[in-house]
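Data first, discussion second: the structure below is written as structure tokens.
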Amino acid sequence: MSNSAFEKVYNPAVVEDKWGKFWLAEELFKARVDSEKSAFSIVIPPPNVTGSLHMGHALNVTLQDILVRYKNMKGFNTLWLPGTDHAGIATQNVVEKLLADEGLDRQSMGREKFLERVWLWKEQSGDTITNQLKRLGASCDWSRERFTMDPGLSRAVRHAFVLLFKKGLIYRANYMTNWCPRCHTALSDLEVDFKTVHGKLYYIRYPGEQGADVLVATTRPETMLGDTAVAINPSDKRFAGWEGKRVSLPLTGRTIPIISDKMVDPEFGTGAVKITPAHDFNDFEVARIHNLPFVRVISENGSMSEDAGERYRGLDRIECRKAVVKDLEAIGLLDRVEDYTHNVGCCYRCETVVEPTVSLQWFVRVAPLAEKAIDAVKRNRTSIIPEMWEKTYFEWMYNIKDWCISRQIWWGHRIPAWHCNECGAVTVELDDPERCGQCESMHLTQEEDVLDTWFSSALWPFSTLGWPDSTRELEVYYPTSVLVTAFDILFFWVARMMMMGLEFMDDVPFRHVFIHALVRDVEGYKMSKTRGNVIDPLEVMEKYGTDAFRFTLTALAAQGRDIKMSEERIEGYRNFINKLWNTARFIHLNLGGFKEGDPEPDCVEDLWILSRLGKTVRGVTEAFDEYRFNEAAGLIYQFLWHEYCDWYVEISKPYLIGDMGDREKERKQIILVFVFGTVLRLAHPIIPFVTEEIWHSLPGERGSLLLERFPEFDENVVDEESEVEMNYLISLIRAVRHLRRELNIPPGYFAKVRLRGGMLERVKKMETVVKRLARLESIDYLPEGAVVRNEASSVAEDTDIFLPIKGVLDFKAERERIEKAIAKLMRERKGLVDKLSNSEFVMKAPEGLVNTTRAREEEIGRKLERLNVNLQLFTE
RNA sequence: GGGCGGAUAGCUCAGGUGGGAGAGCACCAGCCUUACAAGCUGGGGGUCACAGGUUCAAAUCCUGUUCCGCCCACCA
């Protein structure tokens, strides 16, 4: 490309479009299943097929992309498998809303028509999210994209269901589950969110024999219609002897027994609890123990059922509550109503208040599966990073309850079970059965329910690789190397993949689980549409560029803390990308006469920059290997900007102008390009677009950075000696600048400086450079012991710096300046002296530490000596 | 109720195995120095929440306290 395309300000749009297309066209993301190289594989956490990119995806995908690009460059046979999730309830809700706008509903359409409609919607919107991922630069092998309802994956689901069923790990039972009356389906425990509600506590009187009334309290008065007992605590003296008595249940004409059970908390409410076995988890358990009848008064759509009685039947549960309260009041049995704050379970998809209800559902018996999943993490077959999440994982796994997997919706994998119309037996087979397994009847009806979305997600790491067939893909890429996800689906997904992977593949689904942060807004709140604090990743990419956005996410992705995202931060890192861009511009402007060659460092700054580069390579590599993404970003930022640009580039300028001869110029050019190219390779996993663009603009034959080898750390480049020398020069230049500033010498004025002591040979060698960086006209070198009067002074390490100023020197100001410097050093030295005079420190601390402490103390001592000498000159 | 985090500069945070308190942004001052004003140079600013303890040495390890956040459970 021509240099003219290098504008002062980086314009990401064109560059991103160009390389995004290039990578796809060249098929650089394709996994080579037959490769000899060792494998590195990731399956993407499949986003909802109808979703669109939010901050959480952006972070998740960026981190995975970094790993995949990095491992690619490290020479691995990488696979990053993309795909989407059918997201049963969520998607069905979306389509139902669309239908509602057209005045339609799914019931009247029928199952088949409705599903056609959902598929249509899926086809229309399914590409949105994947296109957005491509926009982010995700290096997925798109040819292997999967969808949880693909034929292949559906087959895997069926296989898994049948195997679990035959093993007795799936059963069907009448059991208490959470029921969402709006979605019209059962939900698993995890799919219920509890919300704090300011409601009422109603005290209701149940009349007993001979005026021995019982007062009960409830937040859901309508459920009283389904009460079949009142429970008291056996040790509660207030109710001694009441057990076995009967009370009449108002509004129903029924009488119910008083039972005793230690589940009742005598401290709470009235000490007597109404028992509604069909609509409360605790009451359900109590009823089973005490053999109480179940009266189901709320039906599937949330309205009152026939058993609620003629008067209430058909009323919505909320309406019914009002009616019941009114009726109780009318007959004087509503004792009182109190304000009451409590938690109410709501559907995680539509936020409707769920009703615990007894119904016939399918469950996975998880205890035996959980045991293996616990063991695998305990034995580090899978490790969770950061480690603290392992505790959460164990905590949940130990208390796991059976998993309700049937949903009464239509969008999903239909449960492969057939009910016999004659004997009622259930037949579950891999192929659709023609006859009942029990009575051979041919009159079979397939189960209406579909499976929980998370059932298919649980198989994702191997169903996407071809299971249940034995494929080459499974052989090469399973177990996957790492799963990258946020903690909010640790239970929903990660835990269940562990269980299923171990069950069906007999091995863990991934070696590592990296749990990253949640992205929040500046205030630390979760981003949500209702809160209106959402930052749209697409807008960010539009405004600041994808690389700037990715770099921001990476730099903020410290382990263990959530990310507070703000535009300000993105702007800061956008500036970094621009800095990188302008570094490239600078290099291009100075490539005149460039000849390719190997770096031949022969002076301090060359050795220094290569040494620093080496250490940066080492640091970034370690950081990537240990998922410390923010550290990698920080190291690159620091090196490129504050070492390479601030110092090496600045130092190289006189060379590039030609002041030091052609040979030296070439040498600098080669090192400049070499170091910069190495930085581009280091940074490519984080900021792929801009690095690719710049990389191709550098001289020489250059293929895609993706095919380049990631820099290797070579310890031979580490050169402590030149680092010490450079640090000396840097502090010398800084001291001169500082001095100029304090003396108010205008930046444009070239001053004269005289130096005494220290590494003056070093300075002489680099005089041109030092003069340029410190803006000096000349440097004089004084012999040690030379007396200087009437000049402002400073000390850098063990060099005295003198700066004559025009006119009369302000003795007082000068004295104060030096005294200030002395005071600062004295404070620093005191700490060191205290340590060194402590015999225990000298005895017990490691020798190296004692030595460096002593050396530092001596260094400060020398500096102080010099300052004191200078101070003398102003106190006479 | 059970569990897990966090508290470090004005703000947002970094500080693997204890050994010189850091970054970015913001702020102050001065600069369009021929890559970059999305830049350059210099500067100010912190009892590392509080109280104890271990240690020659604690932001870092231990105990307790306070305040914030989150997860699980769901108490009628």
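In the text below, chain A, chain B and the rest are named by the order of the sequence lines, each starting its count at 1. Computed from a prediction, not measured in an experiment: that's the story for all the values here.
OP1 and OP2 of B/C4 both lie 4.0 Å or more from every side-chain N or O belonging to A/Tyr393. Side-chain nitrogen and oxygen atoms of A/Lys653 include none within less than 4.0 Å of the OP1 or OP2 phosphate oxygen of B/C40. Contact annotation: A/Asn282 reaches the phosphate of B/C75 (side-chain N/O to OP1 or OP2, under 4.0 Å). The phosphate of B/G3 (OP1 or OP2) has no side-chain N or O of A/Lys391 nearer than 4.0 angstrom. A/His738 has no side-chain polar atom (N or O) that falls below the 4.0 Å cut-off from OP1 or OP2 of B/U41.
Taking the P atoms as reference points, B/C61 lies 29 Å from B/G45, given to the whole Å. Distance check on atom C1': B/G18 versus B/A57 gives 8 Å, rounded to whole Å. Taking atom P in both B/C4 and B/A76, the straight-line distance is 26 Å, to the nearest Å. Atom P of B/G22 sits at a distance of 14 Å from the matching atom of B/A9, rounded to the whole Å. Rounded to whole Å, the P atom of B/G53 lies 25 Å from the corresponding atom of B/G16. Across the P atoms, B/U47 and B/C40 are found 30 Å apart, a figure rounded to whole Å. A gap of 9 Å separates the P atoms of B/A26 and B/G39, to the nearest Å. With both ends at atom P, the span from B/U66 to B/C25 equals 39 Å, rounded to whole Å.
Considering only the side chain of A/Glu840, B/C56 comes nearest among B/C71, B/C56, B/C31. The listed nucleotides are B/A35, B/C40, B/G16; the one nearest the side chain of A/Glu622 is B/G16. Here B/G39 is the nucleotide among B/A35, B/U33, B/G39 with the atom lying nearest to any side-chain atom of A/Trp641. Nearest nucleotide to the side chain of A/Pro747, out of B/G30, B/C71, B/G16: B/G30. Taking the side chain of A/Glu568 as heavy atoms from C-beta on, and the options B/C25, B/A35, B/C74, the nearest nucleotide is B/C25.
Pairing for B/G5 goes to B/C68, judged as Watson-Crick or G-U wobble with the two contacts each under 3.5 Å. Applying the Watson-Crick and G-U wobble criteria (two distances, each under 3.5 Å), B/A21 pairs with nothing in any strand. Pairing for B/C40 is with B/G30, a Watson-Crick or G-U wobble pair whose two hydrogen-bonding atom distances lie under 3.5 Å.
Nearest-nucleotide mapping onto RNA chain B: of A/Asn582 and A/Arg734, the residue sitting toward the 5' end is A/Asn582. Along RNA chain B, the nucleotide nearest A/Leu556 and the nucleotide nearest A/Cys645 are compared for position; the residue whose nucleotide lies closer to the 5' end is A/Leu556.
When heavy atoms are screened at a 4.0 angstrom cut-off, A/Lys8 is found touching the sugar-phosphate backbone but no base atom. Contact annotation for A/Lys195: no contact, since no heavy-atom pair falls under 4.0 Å across all strands. Residue A/Arg585 is in sugar-phosphate contact alone, with no base atom involved, counting any heavy-atom pair closer than 4.0 Å across all strands shown. Within the 4.0 angstrom heavy-atom criterion, only backbone atoms of the sugar-phosphate kind lie near A/Asn838; the bases stay farther away. Among the atoms of the strands shown, none is found under 4.0 Å from any heavy atom of A/Asp283. A/Thr218 comes within 4.0 angstrom of the backbone, heavy atoms only, and of no base. Among the heavy atoms of the strands, none lies under 4.0 Å from A/Tyr398. Nucleic acid contact class of A/Glu650 (heavy atoms, under 4.0 Å, all strands): base. Residue-level contact check: A/Val264 touches the bases, meaning some heavy atom is under 4.0 Å from a base atom. The residue A/Arg574 sits close to a base: some heavy atom pair falls under 4.0 Å. Heavy atoms of A/Glu859 sit nowhere under 4.0 angstrom from any nucleic acid atom. When heavy atoms are screened at a 4.0 angstrom cut-off, A/Phe491 is found touching the sugar-phosphate backbone but no base atom.
Atom C1' of nucleotide B/A76 and atom CG of A/Asp280 are separated by 7 Å, given to the nearest angstrom. Remark: P of B/G5 and CD of A/Glu395 are 12 Å apart, rounded to the nearest angstrom. In this structure, the CG atom of A/Leu635 is 16 Å from the P atom of B/A14, given to the nearest Å. A/Leu743 has its CG atom 15 Å from the C1' atom of B/A29, to the nearest Å. If you take CZ of A/Phe194 and P of B/C70, they are 17 Å apart, rounded to a whole angstrom. For the pair A/Asn178 CG and B/C74 P, the computed distance is 8 Å after rounding to whole Å. Separating the CE atom of A/Met263 from the C1' atom of B/C75 is a distance of 9 Å, rounded to the nearest angstrom. Rounded to an integer number of Å, the gap from CZ of A/Phe394 to C1' of B/G2 is 18 Å.
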Nucleic acid footprint by protein, nucleotides 17-23 of chain B - heavy-atom cut-off 4.0 Å, B for base, S for sugar-phosphate alone:
--BB---

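Remark: A/Arg317 engages A/Glu355 in a salt bridge, criterion side-chain N to carboxylate O under 4.0 Å.
With hydrogens and angles ignored, a donor-acceptor pair under 3.5 angstrom links the side chain of A/Asn343 to the base of B/C74. No N or O donor and acceptor, one from the side chain of A/Arg220 and one from the base of B/A76, sit under 3.5 Å apart.
A donor-acceptor contact closer than 3.5 angstrom links the side chains of A/Lys274 and A/Thr276. A donor and an acceptor atom, one from each side chain of A/Glu567 and A/Tyr544, are located under 3.5 Å apart. With 3.5 Å as the limit, one finds a donor-acceptor pair spanning the side chains of A/Ser188 and A/Glu191. Checking A/Thr485 against A/His516 by side-chain atom types alone, no donor-acceptor pair falls below 3.5 Å. Checked by atom type, the side-chain pair A/Thr341/A/His198 shows a donor-acceptor distance below 3.5 Å. Using modelled atom types, one finds no donor on one side chain facing an acceptor on the other under 3.5 Å when comparing A/Tyr573 with A/Asp547. A side-chain donor from one of A/Glu338 and A/Tyr203 sits under 3.5 Å from a side-chain acceptor of the other.
B/G16 has its base syn relative to the sugar, with a glycosidic angle deviating from 0 by at most 90°.
What you find for A/Arg574 and A/Ala548 is that their closest heavy atoms are CA-CB, 3.6 Å.
In this structure, A/Tyr348 has its ring center closer than 6.0 angstrom to the ring center of A/Phe492. With ring centers used as reference points, A/Phe514 lies under 6.0 Å from A/Phe629.
Both tests hold for A/Lys668 against A/Tyr655: distance to the six-membered ring centre under 6.0 Å, angle to the ring axis within 45°.
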